Amino acid sequence: MFWLGFGEKILVTRRGKTEEVAEYALHIQCSWRIAKGNKIVVASRDFYSPRTGLEDENEDFEWDVQGNNRFDERRIESFIEGINEHTIVERVDSDEVGGLKIFLSQGYLVEVFPDTSEDDEYSEFWRLFNRKEASPHFVVTGNGIKNE
């Protein structure tokens, strides 16, 4: 799962620990990419590709070890470095099959695109929710939209 935060920073307490988080959370469980112009900055398959210096054929490649994969290498650093508190969501588009496009200032585009035909009760593609308010989560699944 990939998490993105939007909005003002707020303090939340979970399991007795207080942390600073973004007011809105987007949890993505399908394919996604972040692009700027005609360049993909980072994308979902980067989790499963070795970082620079690790060979593809390396039998010991463990994608889930911190620092081993391309996502960690890029750690979306170029995205994070380019983003600041003045970056805003300019527009949001969606499509009929659960796809989502979030157009950010500074030319960044976050694209979420379900890439499976699964439509069972566990086929969640993405969800958006407000951490500040106790409002329902907006959940997009293979069966359509739910509020949880």
Side-chain angles (χ1 to χ4, degrees), residues 1-51 56 61-148:
M1 181 179 341
F2 180 52
W3 301 1
L4 283 174
F6 298 92
E8 68 180 66
K9 298 281 185 174
I10 61 169
L11 294 175
V12 296
T13 303
R14 290 188 304 199
R15 299 182 193 128
K17 182 180 176 188
T18 301
E19 59 185 331
E20 187 178 65
V21 297
E23 181 178 356
Y24 293 93
L26 176 63
H27 290 183
I28 304 169
Q29 297 187 68
C30 62
S31 294
W32 57 269
R33 69 178 166 229
I34 298 172
K36 184 171 183 175
N38 64 354
K39 174 87 171 120
I40 295 174
V41 176
V42 67
S44 51
R45 286 198 46 192
D46 288 341
F47 285 122
Y48 310 105
S49 299
R51 67 171 170 75
D56 256 336
F61 170 62
E62 297 178 52
W63 69 270
D64 57 346
V65 171
Q66 184 75 35
N68 266 9
N69 61 52
R70 186 176 300 145
F71 178 87
D72 289 340
E73 175 185 20
R74 295 184 179 174
R75 187 70 177 160
I76 62 172
E77 285 176 11
S78 58
F79 178 63
I80 292 169
E81 288 169 4
I83 296 296
N84 59 48
E85 67 263 9
H86 303 294
T87 300
I88 61 169
V89 174
E90 294 181 336
R91 188 172 95 231
V92 176
D93 290 340
S94 63
D95 62 34
E96 302 82 23
V97 292
L100 175 68
K101 290 184 179 183
I102 303 170
F103 296 84
L104 302 174
S105 57
Q106 302 178 18
Y108 286 101
L109 172 63
V110 177
E111 293 180 278
V112 178
F113 40 99
D115 60 352
T116 181
S117 60
E118 291 179 31
D119 58 2
D120 61 21
E121 63 183 293
Y122 305 106
S123 66
E124 182 174 316
F125 300 142
W126 57 271
R127 73 173 49 215
L128 178 69
F129 58 96
N130 185 321
R131 291 178 165 145
K132 191 174 183 179
E133 301 173 8
S135 57
H137 292 199
F138 181 84
V139 183
V140 177
T141 73
N143 285 322
I145 298 170
K146 302 188 303 189
N147 284 309
E148 294 184 346

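Model, not experiment: these values are computed from the prediction.
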### Query
W126 side chain to G98 main-chain N or O, any donor-acceptor pair under 3.5 Å?
yes

### Message
For the CD1 atom of I88 and the CD atom of Q106, what is their distance to the nearest 0.5 Å?
### Response
9.5 Å

### Task
Mind listing the closest non-hydrogen atom pair of W32 and V42 along with its distance?
CZ3-O, 3.7 Å

### Query
Among V140, T141, V139, which one satisfies side chain to side chain contact (heavy atoms under 4.5 Å, CB included) with R127?
V139

### Query
So, D115 versus S31: side-chain donor-acceptor pair below 3.5 Å or not?
yes

### Message
For a quick test of reading the model, state the closest non-hydrogen atom pair linking G142 to S123 and the distance between them.
### Response
N-OG, 3.0 Å

### Query
Would a distance-only check, ignoring hydrogens and angles, find a side-chain to backbone donor-acceptor pair under 3.5 Å from N143 to D119?
yes

### Spacing of CD belonging to E8 relative to CD belonging to E20, to within rounding of 0.5 Å
10.5 Å

### Message
Would you say that F103 contacts V89 through its side chain, given a criterion of any heavy-atom pair below 4.5 Å between the two side chains?
### Response
no

### Query
At what distance, to the nearest 0.5 angstrom, does CG of D46 lie from CZ of R33?
12.0 Å

### Query
Checking T13 side chain against G16 main chain: does a donor-acceptor pair fall under 3.5 Å?
no

### Task
Applying side-chain contact (heavy atoms from CB on, under 4.5 Å), run through I28 and F113 and close with a yes or a no.
CA-CA 10 Å; I28 304 169; F113 40 99; over 6 Å; no

### Message
Ignoring hydrogens, what is the shortest heavy-atom contact between R131 and V12? Give both atom names and the distance.
### Response
O-CG1, 4.2 Å

### Task
Would you give the length of the straight line joining atom CE of M1 to atom CZ of F47, rounded to the nearest 0.5 angstrom?
10.5 Å

### Task
Could I get the full list of ring pair (Phe, Tyr, Trp, His ring centres under 6.0 Å) partners for H27, not counting sequence neighbours?
W3, F129

### E19 CD to I10 CD1 distance, which is reported to the nearest 0.5 Å
10.0 Å

### Query
Is I102 close to F6 at the side-chain level, that is, under 4.5 Å between some pair of heavy atoms?
yes

## Note on the structure
To the nearest 0.5 Å, atom CZ of F138 lies from atom CD1 of I145 at 4.0 Å

### Message
Going by side chain to side chain contact (heavy atoms under 4.5 Å, CB included), L100 matches just one of V112, D95, V110. Which one?
### Response
V112

